[in-house]
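Here the structure is a predicted model, which is why all the values come from computation and not from measurement. Note on naming: letters A, B, ... go to the chains in the order of the sequence lines (proteins, then strands), and numbering restarts at 1 for each one.
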There are 2 protein chains.
Amino acid sequence: MEDVGTALAETSLPAISPLHGEPIERADAERLAGVLKALADPARLRLLSLIQSAPEGEACVCDLTAPLGLSQPTVSHHLRILTEAGLLEREKRGVWAYYRLVPSAIGAIADLLTPPRKRATKKAAR
Amino acid sequence: MEDVGTALAETSLPAISPLHGEPIERADAERLAGVLKALADPARLRLLSLIQSAPEGEACVCDLTAPLGLSQPTVSHHLRILTEAGLLEREKRGVWAYYRLVPSAIGAIADLLTPPRKRATKKAAR
DNA sequence: CAACAGCATTGATTCGCCTGCATATCTGCA
DNA sequence: TGCAGATATGCAGGCGAATCAATGCTGTTG
């Protein structure tokens, strides 16, 4: 894969939504799918949940392996994917690497999936 | 896979969110991941988008193969997955099968991903 | 009734991903 | 400098998914 990280970070994940106006294009669909793919995994969902509920809203790898029941390399791998998708941010303090959520990124996804308010009108006008 | 269809339909996709309170459990993570996996595909995102923007908010398979550039069996396959995930509903009229969105289902996902309003306070109190 | 059109299903192929093991890298400390 | 603990990366096995061609099914039409 290329750089899914920038997919959500800045430019990408544009204001277009698959549930609003005209059909999205292939490139946009692939970008959005890339980010959703990062979310669509039980281990990664649990990671996000664990980090979010951690004392300071952050957690290091060593705190996450046990609750997940996965090996340290595997956990590190999933955290990498989530970070590259723009859903997590990493901060290294000393020997430990602390991860925390990026609320705006997750919010952006939620917005894209939120159908327009009462916008059920069909464009049958054509 | 078992019945991802019921995953969103009724009981499943409970009120728990991976981004709110305490960490979600493994079973919940797998259910949510199952639905997200249905979304995390470019072809399926484009299908949802095409159907949503269709004249009556509905479309049949024959209208979808060309814009997607995929074979009819493949399109049918994706529609099946989306329907089983509870994101689409199917209605057969004559020889045609019309698909349309299930807004509540997609809204439910969006709600789960929407962080609590201004709830950024950490529970470090513990 | 026969021929045809729209969809779904099956089988086969290819590709990607999740996982763990082994190993490399980095940081702090003696 | 050398050692130990915390993370990251490479590699490989195995499972699941995406796709298409071929086939079956159902309703429509002549």
Side-chain angles (χ1 to χ4, degrees), chain A residues 1-5 26 29-30 33-48 50-51 54 58-85 88-100, chain B residues 1-5 7 26 29-48 50-51 54 58-85 87-100:
Chain A
M1 64 197 78
E2 313 94 51
D3 196 351
V4 190
R26 190 171 169 183
E30 289 179 355
V35 180
L36 286 175
K37 223 178 274 272
L39 269 179
D41 180 275
R44 291 196 282 269
L45 284 175
R46 293 183 70 197
L47 278 175
L48 291 177
L50 284 168
I51 294 174
E58 62 183 16
C60 60
V61 182
C62 57
D63 295 331
L64 298 170
T65 57
L68 270 186
L70 295 177
S71 69
Q72 175 268 319
T74 300
V75 171
S76 197
H77 164 74
H78 286 305
L79 290 172
R80 183 188 194 282
I81 291 180
L82 288 170
T83 303
E84 285 183 345
L88 285 182
E89 59 183 11
R90 189 184 103 121
E91 180 192 358
K92 186 148 191 183
R93 293 204 298 268
V95 190
W96 294 276
Y98 290 91
Y99 290 85
R100 68 181 57 186
Chain B
M1 68 197 79
E2 309 95 54
D3 195 350
V4 189
R26 190 171 171 180
E30 287 178 357
R31 266 197 295 268
L32 179 52
V35 181
L36 287 175
K37 223 179 276 272
L39 268 180
D41 181 276
R44 291 197 280 270
L45 284 175
R46 293 184 71 196
L47 279 175
L48 292 178
L50 284 167
I51 295 174
E58 63 183 16
C60 60
V61 181
C62 57
D63 295 331
L64 299 170
T65 56
L68 269 188
L70 294 177
S71 70
Q72 176 267 317
T74 300
V75 171
S76 201
H77 164 75
H78 285 306
L79 291 173
R80 184 189 194 293
I81 290 181
L82 287 170
T83 303
E84 286 183 345
L87 300 173
L88 286 182
E89 60 183 10
R90 189 184 103 120
E91 180 192 358
K92 184 148 191 181
R93 293 202 299 268
V95 191
W96 296 275
Y98 290 92
Y99 291 86
R100 69 181 57 186

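For the pair A/Cys60 and A/Trp96, the tightest heavy-atom approach, listed with the atom from each and the gap, is SG-CD1, 4.0 Å. Of all heavy-atom pairs spanning A/Leu47 and A/His78, the tightest one is CD1-CB, 3.5 Å. Counting all heavy atoms, side chain and backbone alike, A/Ile51 lies closest to A/Tyr99 at CG2-O, 3.2 Å.
Taking atom CZ of residue B/Arg44 and atom P of nucleotide D/dA17, one finds them 9 Å apart after rounding to whole Å. Whole-Å rounding puts the A/Leu82 CG to D/dA8 C1' distance at 16 Å. Rounded to a whole Å, the CG atom of A/Leu64 is 14 Å from the P atom of D/dA6. Atom NE2 of A/His78 and atom P of D/dT7 are 16 Å apart (whole Å). As a whole-Å value, the separation of B/Leu47 CG from C/dC7 P is 13 Å. Note: CG (A/Leu39) to P (C/dC17) measures 15 Å, nearest angstrom. To the nearest angstrom, C1' of C/dA8 lies 16 Å from CG of B/Leu70. Atom CG of A/Leu88 is separated from atom P of D/dT7 by 14 Å (rounded to the nearest Å).
Close to D/dT7, at under 4.0 Å from its OP1 or OP2, lies no side-chain N or O of A/Arg90.
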For residues 66-75 of chain B, which side-chain N or O atoms pair as donor and acceptor with protein atoms under 3.5 Å away, sequence neighbours left out?
residue	atom	partner	partner atom	Å
B/Ser71	OG	B/Thr74	N	3.4
B/Ser71	OG	B/Thr74	OG1	2.9

Could you tabulate the donor-acceptor pairs under 3.5 Å formed by side-chain atoms of residues 35-43 of chain B, not counting sequence neighbours?
residue	atom	partner	partner atom	Å
B/Lys37	NZ	A/Ala40	O	3.2
B/Asp41	OD1	B/Ala43	N	2.9
B/Asp41	OD1	B/Arg44	N	3.2

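Here the straight-line distance linking atom CD of A/Glu58 with atom CG of A/Asp63 works out to 10.0 Å at 0.5 Å rounding. Once rounded to the nearest 0.5 Å, the distance linking CG of B/Leu88 with CD1 of B/Ile81 reads 11.5 Å.
In this view, A/Arg90 satisfies the side chain to side chain donor-acceptor pair (under 3.5 Å) rule with no residue, not counting sequence neighbours. For the salt bridge (charged side-chain N to carboxylate O under 4.0 Å, His left out) test, residues two or more places apart in sequence or in another chain that qualify with A/Glu30 are A/Arg26.
Contact annotation for B/Tyr99: backbone-only contact, meaning every heavy-atom pair under 4.0 Å involves sugar-phosphate atoms and none involves a base.
With DNA chain C read from its 5' end, the first of the two nearest nucleotides for A/Ala40 and B/Val61 is the one closest to B/Val61.
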For nucleotides 9-13 of chain D, list the nitrogen or oxygen atoms of the protein found under 3.5 Å from its nitrogen or oxygen atoms, one pair per line.
residue	atom	partner	partner atom	Å
D/dT9	OP2	A/Arg80	NE	3.4

For nucleotides 25-30 of chain D, list the nitrogen or oxygen atoms of the protein found under 3.5 Å from its nitrogen or oxygen atoms, one pair per line.
none

